[in-house]
J.: 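This structure is in structure tokens; I'll ask about it shortly.
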2 protein chains.
Amino acid sequence: MPEQNGVEVCEFLCAHESVVAEVKEHMPDEDTLFELAEFYKVFGDSTRIRILTVLCRHEMCVCDLATILSMNQSAISHQLRILKQARLISARREGKQVFYSLADDHVRNILDTAIEHLAER
Amino acid sequence: MPEQNGVEVCEFLCAHESVVAEVKEHMPDEDTLFELAEFYKVFGDSTRIRILTVLCRHEMCVCDLATILSMNQSAISHQLRILKQARLISARREGKQVFYSLADDHVRNILDTAIEHLAER
DNA sequence: TAAACATATGAACAATCATTCATATGTGAA
DNA sequence: TTCACATATGAATGATTGTTCATATGTTTA
């Protein structure tokens, strides 16, 4: 196959060139799409999903999260950091403990949307 | 630290035991949460996001997708298989070509929800 | 201050995964 | 049937990532 930008591509356009051109024109920029994928990646781990599910109901300290999920504290802390960096949760220190909670209701909506979609299959 | 189910956990519950018990009670079953994470994992790759974005606008054959995304046909095919298994897209053969399109409008909603969330930061 | 507790974090390891390469399958044209 | 094209797929590889272990940081109490 011939190359284009150093990448092998088909020799010719299968569909109308106009469609390809039109789609290319309206593609969001690469950064936005990458950011979108990174955002979803955060939800794409069952430990993090379980943490979010717990926090959907109640704010929780690291220790209790570890108890509920039967995982060690370090693993939970690592995942909390990822969730916090994605601004899905926020932290509040109270003495020795740190309580985590959902950043906003948007997270609930996002989870609900997916649950709804899965239910419809 | 002491162990519970072979996993190290904190020595005592930091918050009220009643809260922990209440949350544990209402946790969706493991399978559902795992499925949810698997679902999001599909969105958590920029190649797949780009494919979905293209298909949001127009149905497309593999060859044109490869052209638009400047990737080789094999990589696209592998990702299309994952998207199809997740029932996010569907295929339609027309002669030698296979045209892919979004499975339903739910996918659009899911993408829009995330875009909206990202925009609000 | 020292000790105990709760959480955070760096390094290491195992597992997962996206891409590439080579090749197979399926379809239409000659 | 044979050839050319479009797509699919198995194996290999390099990169990413979740968990664990050890340890550091931060806070309260004695």
Side-chain angles (χ1 to χ4, degrees), chain A residues 1-3 5-15 20 33-34 37-38 40-51 59-67 69-86 89-100, chain B residues 1-3 5-15 20 33-34 37-38 40-51 59-67 69-86 89-100:
Chain A
M1 283 188 171
E3 297 202 353
N5 302 329
V7 179
E8 279 187 23
V9 295
C10 287
E11 194 162 356
F12 54 89
L13 299 175
C14 309
V20 171
L33 296 175
F34 183 80
E38 289 302 302
Y40 279 119
K41 207 171 284 182
V42 177
F43 288 90
D45 174 79
S46 55
T47 296
R48 290 193 290 268
I49 285 287
R50 292 197 299 157
I51 291 174
E59 72 165 7
M60 196 74 53
C61 69
V62 180
C63 183
D64 283 350
L65 275 169
T67 302
L69 303 187
S70 294
M71 293 180 67
N72 74 40
Q73 172 266 321
S74 178
I76 299 292
S77 272
H78 278 298
Q79 297 309 331
L80 286 171
R81 188 170 51 81
I82 292 170
L83 290 168
K84 198 177 168 195
Q85 279 176 348
I89 63 176
S90 51
R92 164 177 83 78
R93 182 175 274 277
E94 188 176 312
K96 281 182 284 191
Q97 300 168 32
V98 176
F99 285 87
Y100 284 89
Chain B
M1 283 187 173
E3 297 201 355
N5 303 327
V7 178
E8 279 188 24
V9 295
C10 287
E11 193 164 355
F12 54 88
L13 300 175
C14 307
V20 172
L33 296 175
F34 183 80
E38 290 301 303
Y40 279 119
K41 208 171 283 182
V42 178
F43 287 90
D45 174 80
S46 54
T47 296
R48 290 193 289 269
I49 286 286
R50 291 197 300 157
I51 290 174
E59 73 166 3
M60 195 75 52
C61 69
V62 181
C63 183
D64 283 350
L65 274 169
T67 302
L69 304 187
S70 294
M71 294 180 66
N72 74 40
Q73 173 268 319
S74 179
I76 299 293
S77 273
H78 278 297
Q79 297 309 329
L80 286 170
R81 187 170 52 79
I82 292 170
L83 289 168
K84 197 178 169 194
Q85 279 175 348
I89 63 176
S90 50
R92 164 179 83 79
R93 181 175 274 278
E94 187 176 312
K96 282 182 284 192
Q97 299 167 34
V98 177
F99 284 86
Y100 285 90

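Below, chains carry the letters A, B, ... as their sequence lines are ordered, and counting in each starts from 1. Computed from a prediction, not measured in an experiment: that's the story for all the values here.
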J.: Which atom names give the shortest non-hydrogen contact between L69(B) and T47(B), and what distance separates them?
T.: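 Smallest heavy-atom distance, with atoms named: CD1-O, 4.3 Å.
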J.: Any idea which heavy atoms bring Q79(A) and I51(A) closest together, and the distance?
T.: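 In this case the closest contact between Q79(A) and I51(A) is CB-CD1, 3.9 Å.
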J.: Atom OH of Y40(B) to atom P of dC17(C): distance rounded to whole Å?
T.: 18 Å
J.: Taking CD1 from I76(A) and P from dT19(D), how many angstroms apart are they, rounded to a whole number?
T.: 8 Å
J.: Would you please name every residue forming a salt bridge (Lys or Arg N to Asp or Glu O under 4.0 Å) with R92(B), sequence neighbours left out?
T.: E59(B), E94(B)
J.: Quick one: E94(B) CD to dC5(D) C1', roughly how many Å, whole number?
T.: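 Between C1' of dC5(D) and CD of E94(B): 15 Å.
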J.: Main chain of K41(A), side chain of R48(A): is a donor-acceptor contact present, judged purely on distance under 3.5 Å?
T.: yes
J.: Can you tell me the distance, in whole Å, between the CZ atom of F99(B) and the C1' atom of dT27(C)?
T.: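 Checked: the CZ to C1' distance equals 14 Å.
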J.: Quick one: closest heavy-atom pair of C61(B) and F99(B), and the distance?
T.: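 Reported closest heavy-atom pair: N-CD2, 3.7 Å.
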J.: Could you tell me whether the side chain of H78(B) reaches within less than 4.5 Å of the side chain of R81(B), counting heavy atoms only?
T.: yes
J.: Mind checking whether Y40(A) and F43(B) have parallel, tilted or perpendicular rings, split at 30° and 60°?
T.: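 Correct class here is tilted.
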J.: Pairs under 3.5 angstrom, nitrogen or oxygen only, protein versus nucleotides 16-18 of chain D, please.
T.:
| residue | atom | partner | partner atom | Å |
| --- | --- | --- | --- | --- |
| dG18(D) | OP1 | R48(A) | NH1 | 3.2 |
| dG18(D) | OP1 | R48(A) | NH2 | 2.9 |

J.: If you take all heavy atoms of Y100(A) and A91(A), which pair is closest and at what distance?
T.: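 That closest heavy-atom pairing would be CE2-CB, 3.6 Å.
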J.: So which one's nearest nucleotide on DNA chain D is more toward 5', G95(A) or L80(B)?
T.: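 By nearest-heavy-atom nucleotide position, the 5'-most residue is L80(B).
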J.: Tell me the interatomic distance from K96(B), atom NZ, to dA4(D), atom P, rounded to whole angstroms.
T.: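 It is 11 Å, rounded to the nearest whole Å.
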J.: Measure CZ/R92(A) against C1'/dA8(C) and give the value in whole Å, please.
T.: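 Whole-Å distance recorded here is 18 Å.
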J.: Please state how far atom CD in Q97(A) lies from atom C1' in dT25(D), giving the value in whole angstrom units.
T.: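 Rounded to whole Å, this separation is 17 Å.
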J.: Can you tell me the distance, in whole Å, between the CD atom of E59(A) and the C1' atom of dT7(C)?
T.: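 Those two atoms, CD and C1', are 16 Å apart.
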J.: So which protein nitrogen or oxygen atoms get under 3.5 Å of nucleotides 9-15 of chain D's nitrogens or oxygens?
T.:
| residue | atom | partner | partner atom | Å |
| --- | --- | --- | --- | --- |
| dT9(D) | O4 | S74(B) | OG | 2.6 |
| dG10(D) | O6 | H78(B) | NE2 | 2.9 |

J.: So, for A37(A) and D45(B), which heavy atoms are closest and what is the spacing to 0.1 Å?
T.: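 Minimum heavy-atom contact is CB-C, 3.6 Å.
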